[in-house]
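Below: the structure, in structure tokens.
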Amino acid sequence: MTAYIIFQESIFDQSAFEEYKKLSPKSIDAFGGRFIVRGGKIDVLEGAMPHERVVIIAFPTADAARAWHSSDDYAAAKSLRQRISDGDAILVEGI
């Protein structure tokens with residue numbers, strides 16, 4: 001079953017974030033992932049959205065998504081993202 005990693009984040013260092021955006025796609029590809037949403041305008045229809053950015057990445061399975069998130073391939077990019085942003089990351093299975 002397809003699984004999605006969803007990031008909601010606020011970026012503190014935009015120039016460093018540009019570097020992160022160059023690092024992450026190759027590791028995502030290696031685990032069969034693909035971007036569904038990568039930034040873009042947010043229109044809050046209900047509730048509150050505490051972050052300025054949303055990213056949704058689809059993976060073939062939850063195991064593949066978890067493997068990517070904890071992989072050596074993604075480690076450097078993840079460390080950079082965690083230093084320059086604040087937010088949440090969740091994994092959701094679905095169709």
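For reference, positions follow the sequence shown, starting with 1.
Residues that satisfy the side chain to side chain contact (heavy atoms under 4.5 Å, CB included) test with F17, not counting sequence neighbours, are E9, I11, Q14, Y20, K21, R53, I84. For the side chain to side chain contact (heavy atoms under 4.5 Å, CB included) test, residues two or more places apart in sequence or in another chain that qualify with V37 are I56. Taking D29 as the reference, nothing meets the side chain to side chain donor-acceptor pair (under 3.5 Å) condition, with sequence neighbours excluded. When the ring-ring contact (aromatic ring centres under 6.0 Å, His included) test is applied to Y4, no partner is found at least two apart in sequence or on another chain. Under the side chain to side chain contact (heavy atoms under 4.5 Å, CB included) criterion, P25 pairs with F35, R38, not counting sequence neighbours. Taking the side chain to side chain contact (heavy atoms under 4.5 Å, CB included) definition, one finds that I42 meets it with V44, M49, V54, sequence neighbours left out.
Closest approach of A65 to I5, counting heavy atoms only: O-CD1, 3.6 Å. The shortest non-hydrogen separation linking S10 to P50 is OG-O, 3.7 Å. Between A30 and D73 the shortest heavy-atom distance is CB-OD2, 4.0 Å.
Hydrophobic clustering, with ILVMFWY side chains joined whenever heavy atoms are under 4.5 angstrom apart, keeps I6 apart from F31. Under a hydrophobic-cluster definition in which Ile, Leu, Val, Met, Phe, Trp and Tyr are linked whenever side-chain heavy atoms come within less than 4.5 Å, directly or via other members, F59 and L91 are assigned to the same cluster.
Legend: salt bridge (charged side-chain N to carboxylate O under 4.0 Å, His left out) pairs involving residues 39-49, not counting sequence neighbours: none detected. Applying the ring-ring contact (aromatic ring centres under 6.0 Å, His included) test to every pair with at least one member in residues 72-94, sequence neighbours left out, gives these pairs: W68-Y74. Within the structure, no pair that satisfies the ring-ring contact (aromatic ring centres under 6.0 Å, His included) test touches residues 75-95, not counting sequence neighbours. Pairs engaging residues 36-56 under the ring-ring contact (aromatic ring centres under 6.0 Å, His included) rule: none recorded [sequence neighbours left out]. For residues 77-87, no pair satisfies salt bridge (charged side-chain N to carboxylate O under 4.0 Å, His left out), with sequence neighbours left out.
Here the side chain of S27 pairs a donor or acceptor atom with the backbone of S24 at under 3.5 angstrom.
Chaining together hydrophobic side chains whose heavy atoms lie under 4.5 Å apart leaves M1 on its own.
To the nearest 0.5 angstrom, S79 atom OG is 6.5 Å from Q82 atom CD. Residue H69 holds its NE2 atom at 9.0 Å from CD1 of I57, rounded to the nearest 0.5 Å. From L23, atom CG reaches atom CD1 of I28 across 10.5 Å, with rounding to the nearest 0.5 Å.
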